[in-house]
Amino acid sequence: MPHTISELLEGKPETLTVTLTDKATTALGHMARHDYSQLPVVDAAKIVRGLITYESIMRAMQRFNCTLQNLQVSAAMVKAEKRSPDDDLSDVLPVMERTGSVLIVDADDRLLGIVTSYDVMEYYRASRRT
């Protein structure tokens, strides 16, 4: 039985995000507090601009030879894999195996949510119980 990404997103809280102008310390603080390994980067209209990860922060600090306090999100973000909420969940599994997460966007690239490997595992575990 096929499952759409929108089914997985049902009932999930609004996605925590950062903006291009936020400091990397802000992103890292959110990730540490919530035990996340990545956060979507959006603009004021919630249009996806990229993704920031622990790894992308470390690489940017090394590349720009700067401290964490001097690093902006825009300098540390990476390209994000994006999908539609109508996509079949099984179709994004190979992407998630490679990247660990997929951002779910509407037709205008506005963020609807994020799906991580953990979310998929929990979704399938819960669906087996019902």
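- Think of Met121 as one node in a network of Ile, Leu, Val, Met, Phe, Trp and Tyr side chains linked at under 4.5 Å; its network also takes in Tyr118.
- Hydrophobic clustering of Ile, Leu, Val, Met, Phe, Trp and Tyr side chains at less than 4.5 Å, counting indirect connections, keeps Val48 apart from Met77.
- For the atom pair Tyr124 OH and His3 NE2, the distance stands at 5.5 Å (nearest 0.5 Å).
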Distance-only check: which donor-acceptor pairs under 3.5 Å involve side-chain atoms of residues 100-109, not counting sequence neighbours?
| unit_1 | atom_1 | unit_2 | atom_2 | d |
| --- | --- | --- | --- | --- |
| Asp106 | OD1 | Asp108 | N | 2.9 |
| Asp106 | OD1 | Asp109 | N | 3.2 |
| Asp106 | OD1 | Arg110 | N | 2.9 |
| Asp108 | OD2 | Arg110 | NH1 | 3.2 |
| Asp109 | OD2 | Lys82 | NZ | 2.8 |

Donor-acceptor pairs are to be reported for all side-chain atoms of residues 26-39 against protein atoms at under 3.5 Å, with residues two or more places apart or in another chain.
| unit_1 | atom_1 | unit_2 | atom_2 | d |
| --- | --- | --- | --- | --- |
| His30 | ND1 | Arg33 | NH2 | 3.1 |
| Arg33 | NH1 | Gly29 | O | 3.4 |

- Does the side chain to side chain contact (heavy atoms under 4.5 Å, CB included) test come out yes or no for Leu20 and Gln72, once each step is laid out? CA-CA 7 Å; Leu20 293 166; Gln72 270 192 307; over 6 Å; no

- Message: Does Val95 form a side chain to side chain contact (heavy atoms under 4.5 Å, CB included) with Arg83? I'd like the steps, not just the answer.
- Response: CA-CA 10 Å; Val95 174; Arg83 295 295 186 270; 3.1 Å; yes

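- Follow the hydrophobic side-chain contacts under 4.5 Å out from Val92 and you never reach Ile114; the two are in separate clusters.
- The minimum heavy-atom distance linking Leu111 with Gly113 is given by the pair CD1-O, 3.3 Å.
- For Ala60, the side chain to side chain contact (heavy atoms under 4.5 Å, CB included) test picks out Arg63, Phe64, Leu71, Ala76, with sequence neighbours left out.
- For the pair Met61 and Leu68, the tightest heavy-atom approach, listed with the atom from each and the gap, is CE-N, 3.8 Å.
- A distance of 8.5 Å separates OG1 of Thr99 from CG of Leu51, quoted to the nearest 0.5 Å.
- Donor-acceptor pairing under 3.5 Å is lacking for the side chains of Thr15 and Thr17.
- With sequence neighbours excluded, the residues satisfying side chain to side chain donor-acceptor pair (under 3.5 Å) with Ser56 are Thr53.
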- Message: side chain to side chain contact (heavy atoms under 4.5 Å, CB included), that's the test. Do Val78 and Arg59 meet it? Break it down for me.
- Response: CA-CA 11 Å; Val78 294; Arg59 281 193 301 272; 4.0 Å; yes

Distance-only donor-acceptor pairs under 3.5 Å for side chains of residues 40-47, two or more places apart:
| unit_1 | atom_1 | unit_2 | atom_2 | d |
| --- | --- | --- | --- | --- |
| Asp43 | OD1 | Ala45 | N | 2.9 |
| Asp43 | OD1 | Lys46 | N | 3.3 |
| Asp43 | OD1 | Ile47 | N | 3.0 |
| Asp43 | OD2 | Arg49 | NE | 3.2 |
| Asp43 | OD2 | Arg49 | NH2 | 2.7 |

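- To the nearest 0.5 angstrom, Thr4 atom OG1 is 7.5 Å from Glu10 atom CD.
- The two residues Met96 and Val115 have their closest heavy-atom pair at CE-O, 3.4 Å.
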